[in-house]
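Notes follow once the structure below has been shown.
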Amino acid sequence: PDVCSSDLMLGDAKSPVAAVYDPANGALRVAAGPGVPDARVAQLWVIGGDGVPHSLGLLSGRPTSLAPKGVDRGRIAPGATLAISVEPLGGSPTGLPTGPVVATGVVARV
């Protein structure tokens with residue numbers, strides 16, 4: 001099957017967070033998200049050719065499965081960047097990352 005993956009590297013620690021996307025069924029699986037301070041949450045973004053971050057959902061400290069829909073599903077393609085930011089509970093209030101970006105990785109076909 002056609003699968004895309006990305007190893008997101010966390011800050012200076014270089015601890016990888018694996019993400020695997022199956023375009024056939026739209027399933028995006030992310031290993032446990034990074035640890036975040038109390039009253040904060042990790043939020044996953046995709047940045048495609050338009051250079052604009054688009055939220056894919058919130059992550060927890062455990063493996064998370066997401067099912068992006070519509071246009072967001074199409075943005076997860078080889079060459080796109082996945083990023084994780086630290087946001088207030090409930091996610092970014094603006095629709096764009098507001099907290100520090102703690103991980104990024106480029107999507108590649110495997």
Side-chain angles (χ1 to χ4, degrees):
D2 191 19
V3 176
C4 296
S5 72
S6 178
D7 287 331
L8 307 174
M9 303 305 286
L10 295 178
D12 295 330
K14 300 298 183 199
S15 300
V17 174
V20 178
Y21 176 66
D22 183 347
N25 65 16
L28 175 62
R29 293 182 306 277
V30 181
V36 295
D38 288 342
R40 296 294 205 192
V41 66
Q43 188 162 356
L44 181 65
W45 306 85
V46 62
I47 305 163
D50 62 3
V52 177
H54 301 274
S55 178
L56 295 175
L58 303 179
L59 303 176
S60 69
R62 301 185 336 208
T64 303
S65 291
L66 303 169
K69 304 283 186 226
V71 176
D72 286 335
R73 184 172 169 171
R75 289 184 173 110
I76 306 170
T81 297
L82 293 180
I84 298 173
S85 66
V86 178
E87 301 295 338
L89 289 179
S92 169
T94 68
L96 294 172
T98 61
V101 173
V102 297
T104 62
V106 176
V107 176
R109 183 168 277 122
V110 294

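When a residue number appears, it is its place in the shown sequence, counting from 1.
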Audit row: Leu58, Thr64, side chain to side chain contact (heavy atoms under 4.5 Å, CB included) steps and yes/no:
CA-CA 9 Å; Leu58 303 179; Thr64 303; over 6 Å; no
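- Smallest separation of non-hydrogen atoms from Ile76 and Pro68: CD1-CG, 3.7 Å.
- A distance of 6.5 Å separates CZ of Arg29 from CG of Asp22, quoted to the nearest 0.5 Å.
- With values rounded to the nearest 0.5 angstrom, Asn25 atom CG is found 7.0 Å from Arg73 atom CZ.
- Atom-to-atom distance recorded for Leu82:CG and Arg75:CZ is 13.0 Å, nearest 0.5 angstrom.
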Could you tabulate the donor-acceptor pairs under 3.5 Å formed by side-chain atoms of residues 41-49, not counting sequence neighbours?
residue : atom : partner : partner atom : Å
Gln43   : OE1  : Ser92   : N            : 2.7
Gln43   : NE2  : Ser55   : OG           : 2.8
Trp45   : NE1  : Gln43   : O            : 3.4
Trp45   : NE1  : Ser85   : OG           : 2.8

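- Glu87 approaches Pro97 most closely through the heavy-atom pair OE2-CA, 3.3 Å.
- Summarising the geometry of Ala83 relative to Thr104, their closest heavy-atom pair is CB-CG2, 4.0 Å, with the distance given to 0.1 Å.
- Among all heavy-atom pairs drawn from Pro53 and Gly51, the shortest one is CD-O, 3.8 Å.
- Each salt bridge (Lys or Arg N to Asp or Glu O under 4.0 Å) pair with one or both residues in residues 36-54, not counting sequence neighbours, would appear here, but there are none.
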